[in-house]
Amino acid sequence: MAHIMGFGGYAPERIVTNDEWAQRVDTSDEWITQRTGIKRRRFAADDESTLTLAAAAARGAIGDAGLTPADIDEIVIATDTPEVRTPDTAALLQHELGCRNVPTYDLGGSGCAGFIQAMDVANSRIAVQPKNILVIGVEVITRMISLTDRATAVLFGDAAGAVIMGSQPSKAEVLGIVSGTDGSHAEILTLTAGGTRRPFNASSLASGDHNRLVMDGKKVFTEAVRRMSEASAEVLRRVGRTVGEVSLVIPHQANLRIIEAVRKKMGLESGRVFVNVHEYGNTGSATVPFAMWQAVLTNRIEKGDLVVLTAFGAGFHWAAAALQF
Ligand code: ACO
């Protein structure tokens, strides 16, 4: 199994509060706080983009691993908000960091589960051939969805998180990863315009479809709770460990009520679940690696801890990983 050698994270400086949202659209701090637990989120500055956020998190992880960009053998980025349509953000990042001409690829469209899915891919690649893989979750969602649709806009923020995975024993061992997909729910959470089914054109721009995130919030909520708690139980079962042994669960940070429901379903007390959704909102594929970086940085995770990561997103995709620090 692979090991995690370094952690990195980055969030833009600009803080947008619920009160600021209430000045932009018909909402209130009370509504957002009660429904989601979110108080603040970060917006990328005009001179920032998916690439700059990813590069900041990547440099942190590479440094934390005691490596240089020349030591990276492969790059995989999970993002639904790429720097450009073609090529992938990972290719641009390879050049930006000054890496060798190593293979790079994006996992796009996996929504918030993308980072753990990318870890799963990296884990298998390392099992075939020892190498150092830079794995990133990054989103600049605030630039890709409508900022006038109150039902979705207030939920999201921008951030990036990164890890270096390798074959040598290091900071955390990946004990196991499970992931799954149910494509029958694709229409419940989707952004259809801009693909081949509905290319960008004057009519999609005029109707506002080009950045309309279609979301059935209640169905997403129910499935997110079910899939994240089941995936966490499944990964623990596969690696022969129990919930009682888990020091910390780092769930996808979409909504405090979802996190609380997952915690209760898993039978965990609140101190064993990492929460930062109130400060950063939902940063898509970045929530889990960014939260893990913060948990390591603030000593919420210590040597010997068993940590479970779990996420759920558009697709529907879901995944969970068990890590032994
Ligand atoms: N401010 C004020 N009112 C709002 C807002 C807002 N920002 N957004 C929607 N409303 C209104 C709606 O118009 C609707 O009004 P109506 O009843 O007059 O039609 C009402 O609030 C909706 O209320 P509820 O249906 O009771 O809202 P609910 O409790 O389901 O909360 C929410 C909605 C927060 C979206 C919730 O369903 C949720 O969090 N679901 C999960 C969705 C999610 O996390 N998506 C992120 C992407 S996927 C992922 O990361 C897992």
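Just so you know, residue 1 is the first one in the sequence shown, and it goes up from there. Remember, it's 1-based here, ligands and their atoms both numbered in the order they're listed.
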Novice: Hey, could you give me each pair passing salt bridge (Lys or Arg N to Asp or Glu O under 4.0 Å) that has a residue in residues 84-101? Not counting sequence neighbours.
Specialist: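 Those involving residues 84-101 are Arg59-Glu96, Asp73-Arg100.
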
Novice: Is there a donor-acceptor pair under 3.5 Å between the side chain of Ser229 and the backbone N or O of Arg226?
Specialist: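 Checking the backbone N and O of Arg226 against the side chain of Ser229, a donor-acceptor pair under 3.5 Å is found.
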
Novice: Heavy-atom contacts under 4.0 Å between Asn282 and ligand 1: side chain, backbone, both, or neither?
Specialist: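 Only the side chain of Asn282 comes within reach of ligand 1.
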
Novice: According to ring pair (Phe, Tyr, Trp, His ring centres under 6.0 Å), who are the partners of Tyr280, at least two apart in sequence or on a separate chain?
Specialist: Phe290

Novice: What atoms of ligand 1 come within less than 4.0 Å of a heavy atom belonging to Phe312?
Specialist: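 Reading through ligand 1 atom by atom, the close ones are 51 (C).
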
Novice: Heavy-atom contact check, 4.0 Å cutoff: does Ile32 meet ligand 1?
Specialist: no

Novice: Classify the contact between Trp21 and ligand 1 as side chain, backbone, both or neither, using a heavy-atom distance cut-off of under 4.0 Å.
Specialist: neither

Novice: Examine the proximity of ligand 1 to Thr152 and report which part, side chain or backbone, both or neither, has a heavy atom under 4.0 Å away.
Specialist: neither

Novice: Pick one of side chain, backbone, both or neither for how Val154 approaches ligand 1, counting any non-hydrogen atom pair under 4.0 Å.
Specialist: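 Side chain only.
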
Novice: Quick one: look up the protein heavy atom nearest atom 48 (S) of ligand 1 and list residue, atom name and how far away it is.
Specialist: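 Looking at atom 48 (S) of ligand 1, the protein heavy atom closest to it is Leu189 CD2, 3.3 Å.
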
Novice: Does the protein put a heavy atom under 4.0 Å from atom 50 (O) of ligand 1?
Specialist: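 Yes, because at least one protein heavy atom sits under 4.0 Å from atom 50 (O) of ligand 1.
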
Novice: Any side-chain heavy atom of Ile4 sitting closer than 4.5 Å to one from Glu173?
Specialist: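 Of all side-chain heavy-atom pairs linking Glu173 with Ile4, none is under 4.5 Å.
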
